[in-house]
Amino acid sequence: MTGMSPPPPRPDRVAPALARWYAANARVLPWRARPGEVPDPYRVWLSEIMLQQTTVATVGPYFHAFTGRWPDVHALAGADDQAILTAWAGLGYYARARNLIRCARVVAGELGGRFPDSEAGLAKLPGIGPYTAAAVAAIAFDRPAAVLDGNIERVMARLFAEETPLPAAKPLLRRHAAALTPTVRPGDHAQALMDLGALICTPRRPDCPRCPLVGDCRGHALGLAAELPRRAPKKAKPTRLGLAYVAIRAGDGAVLLGRRPPSGLLGGMAEVPGSDWTEQGAPAPRPPLSADWRRLSRTVRHTFTHFHLELTVLRASVAAATPAPAGLLWVPPQALAGHPLPTVMRKVLAAGLDSPGGKRIPSRVRNS
DNA sequence: GAATCGTGGCT
DNA sequence: TAGCCAAGATT
């Protein structure tokens, strides 16, 4: 027996064992149909877009806000872009929101309000890639699609003891997932695998003794479960530096805001005017208007997916009659909630509005 | 294949 | 503190 390789997991054992576990352990989630309920494709789609690279706990409040305000795809398609971006603010990956709008309008306008019921049809829509197409097809339309998200990648890598590092292993893992997908209730099967990944087969310290699949798990048999999946090494994040100008208007305390370009980083979102963000050192000061700018002693730090950002915040108080420069807008504090401010800009405003004092800066900075 | 694209929670 | 990672898509 020594040196014998454990057998691969068998679909006729794995899927039923998983289904029994799921019947007793399924998480109750706001977007999930209760047993016996017919899933609403709109809610399934909306939740899947929101859940891309985003935790269940973070999505919850956003899902409630969206479905409360826009209960169906027609309502969402008819909403203003700015209102949707504002409701999305803080959730991150803002291209998702821009694609959400485009997708809703295609479905409402060209497809009679009905989402395609096939994986291929769904995959043609903006913001719907391989994962989301499979997930919506399986969960909303009971199609036997092979769903592969980060959870299922991990479960498959362990079940099959797949040592090829991600992302190269993805096609292999997808084939494994497809081989295990039953024709009966494939949506429940996919959600069961995701719940298993979230509750038992966790990234660190998997709870193998409680796993319904432990008897079929090659990774566990080989003592490798906790080390899988392997991943290609990640690139180090550089640090970029920038300046942000918080102008405060006398009287109502309004602040000056601008709008970012429609695509790219934080595309279409509101911003505090500032410099470019560069790795080359401190950018040249170019205030949006002439004023007595004072540098705050505390910088704002924020980390994006591929770089760290360190912003120096400058603040100035200006007269109530000061006109807004071209492309910018005075926004009173109580109106800030109506603007699509990403988290990094909320941090800048918090620093600029709350923090006392502020350091005098060289005079050449004071006039643009 | 490699880069780009947010944020928050946990270790 | 610093890294890891989450129901990925797009270019």
Side-chain angles (χ1 to χ4, degrees), chain A residues 27 29-32 43-63 85 88-100 102-103 122-140 145-155 165-171 173-174 177 187 189-199 201-205 229-240 260-269 271 277 301-309 340-347:
Chain A
R27 289 178 291 175
L29 301 173
W31 43 85
R32 219 172 241 187
R43 295 167 65 90
V44 173
W45 162 73
L46 177 62
S47 68
E48 291 299 345
I49 300 297
M50 288 184 165
L51 286 162
Q52 290 168 4
Q53 297 290 285
T54 309
T55 59
V56 163
T58 298
V59 166
Y62 286 88
F63 181 79
L85 284 181
W88 195 278
L91 199 50
Y93 283 140
Y94 298 100
R96 291 185 296 173
R98 303 193 297 269
N99 287 329
L100 187 84
R102 293 174 52 206
C103 183
L122 288 160
K124 292 177 184 166
L125 294 170
I128 299 186
Y131 162 76
T132 306
V136 174
I139 297 169
V147 178
L148 190 70
D149 76 323
N151 285 305
I152 301 178
E153 284 176 1
R154 182 171 62 256
V155 173
L166 285 169
K170 218 164 165 175
L173 299 177
R174 186 181 302 282
H189 176 79
Q191 293 179 92
L193 283 173
M194 292 190 263
D195 278 12
L196 189 74
L199 300 175
C201 196
T202 49
R204 277 172 289 200
R205 301 185 46 185
R230 306 206 188 281
R231 294 181 189 277
K234 319 203 159 168
K235 254 183 54 181
K237 292 185 205 304
T239 296
R240 297 185 192 175
R260 294 181 62 84
S263 65
L265 184 68
L266 308 177
M269 303 295 284
E271 70 174 348
W277 301 340
R301 292 169 194 280
H302 189 79
T303 298
F304 293 95
T305 308
H306 53 292
F307 65 94
H308 300 289
L309 179 63
L341 281 165
T343 298
V344 63
M345 293 302 161
R346 292 197 174 278
K347 287 187 186 177

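All of these numbers come straight from a predicted model, not from anything done at the bench. A, B, ... follow the sequence lines: proteins, then strands. Residue 1 opens every chain.
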* Asked: Is there a side-chain contact between A/Gln53 and A/Thr305 (heavy atoms, below 4.5 Å)?
  -> no
* To do: Between B/dG1 and C/dA9, how far apart are the C1' atoms? Round to whole Å, please.
  => 15 Å
* Do other residues, nucleotides or ligands put more than 12 heavy atoms under 6.0 Å from A/Lys237 NZ? -> yes
* Who are the side chain to side chain donor-acceptor pair (under 3.5 Å) partners of A/Glu153, not counting sequence neighbours? -> none
* Is any side-chain N or O of A/Tyr131 under 3.5 Å from a base N or O of C/dG8, one able to act as donor and the other as acceptor? -> no
* Asked: Looking only at atom P, what distance separates C/dC5 and B/dC5, rounded to whole Å?
  -> 22 Å
* Looking across every strand, which nucleic acid part, if any, lies under 4.0 Å from A/Ile152 by heavy atom: base, sugar-phosphate, or nothing? -> nothing
* Do A/Trp45 and A/Cys103 touch side chain to side chain, with heavy atoms closer than 4.5 Å? -> yes
* To do: Provide, to the nearest angstrom, the distance between the CG atom belonging to A/Leu266 and the C1' atom belonging to B/dC5.
  => 9 Å
* Asked: Which part of the nucleic acid does A/Arg301 contact within heavy-atom distance under 4.0 Å: base, sugar-phosphate only, or nothing?
  -> nothing
* Asked: Taking atom P of C/dG8 as reference, at what distance in whole Å does atom CD of A/Glu153 sit?
  -> 8 Å
* To do: Have a look at A/Ile139 and say if it touches a base, only the backbone sugar-phosphate, or nothing, with a 4.0 Å heavy-atom cut-off.
  => nothing
* Could you tell me whether A/Leu91 contacts a base, only the sugar-phosphate backbone, or nothing, with contacts defined as non-hydrogen atoms closer than 4.0 Å? => base
* Asked: Can you find a side chain N or O atom of A/Tyr94 that sits less than 4.0 Å from OP1 or OP2 on B/dT7?
  -> yes
Could you pull out the protein-nucleic contacts involving nucleotides 1-4 of chain B (nitrogen or oxygen on both sides, under 3.5 Å)?
none

* To do: Would you indicate whether A/Arg301, at its atom CZ, is surrounded by more than 12 heavy atoms from other residues, nucleotides or ligands within a distance under 6.0 Å?
  => no
* A/Arg154 side-chain N/O to C/dA6 phosphate OP1/OP2 under 4.0 Å -> yes
* To do: Output yes when at least one side-chain N/O atom of A/His302 is less than 4.0 Å from OP1 or OP2 of B/dG6, else no.
  => no
* Asked: Hey, is the side chain of A/Thr132 poking within less than 4.0 Å of OP1 or OP2 on C/dA9, counting only N and O atoms?
  -> yes
* Under the side-chain contact (heavy atoms from CB on, under 4.5 Å) test, which residues partner A/Ala137, sequence neighbours left out? -> A/Glu119, A/Leu122, A/Arg143, A/Ala145
* Spell out yes or no: do the side chain of A/Arg204 and the base of C/dA6 have one donor N/O and one acceptor N/O closer than 3.5 Å? => no
* Respond yes when some side-chain nitrogen or oxygen of A/Lys237 is under 4.0 Å from OP1 or OP2 of C/dG3, and no when none is. => no
* In chain order, what residues pass the side chain to side chain donor-acceptor pair (under 3.5 Å) check against A/Glu271, with sequence neighbours excluded? -> A/Arg260
* Enumerate the residues from residues 51-60 of chain A whose closest heavy atom to DNA chain B is under 4.0 Å, giving them by residue number; use none for an empty result. => A/Gln53, A/Thr54
* In whole angstrom, give me the gap between the C1' atoms of C/dC4 and B/dG6. => 15 Å
* Who are the side chain to side chain donor-acceptor pair (under 3.5 Å) partners of A/Thr202, not counting sequence neighbours? -> none
* Nearest-nucleotide 5' precedence on DNA chain C, A/Ser47 against A/Gly127 -> A/Ser47
* Report which part of the nucleic acid A/Val344 touches: base, sugar-phosphate, or nothing (heavy-atom distance under 4.0 Å, all strands). => sugar-phosphate
* **Test side-chain contact (heavy atoms from CB on, under 4.5 Å) applied to A/Pro342 and A/His302, A/Met269, A/Lys347, the passing residue** => A/Met269
* Would you mind classifying the nucleic acid contact of A/Gly267 as base, sugar-phosphate or nothing, using non-hydrogen atoms under 4.0 angstrom? => nothing
* Could you check whether A/Trp31 gets within reach of a base, just the sugar-phosphate, or nothing at all, counting any heavy atom under 4.0 Å? => base
* To do: Before giving the answer on side chain to side chain donor-acceptor pair (under 3.5 Å), spell out for A/Arg96 and A/Gln52 the whole-Å C-alpha distance, their side-chain angles and the decisive distance to 0.1 Å.
  => CA-CA 9 Å; A/Arg96 291 185 296 173; A/Gln52 290 168 4; 4.9 Å; no
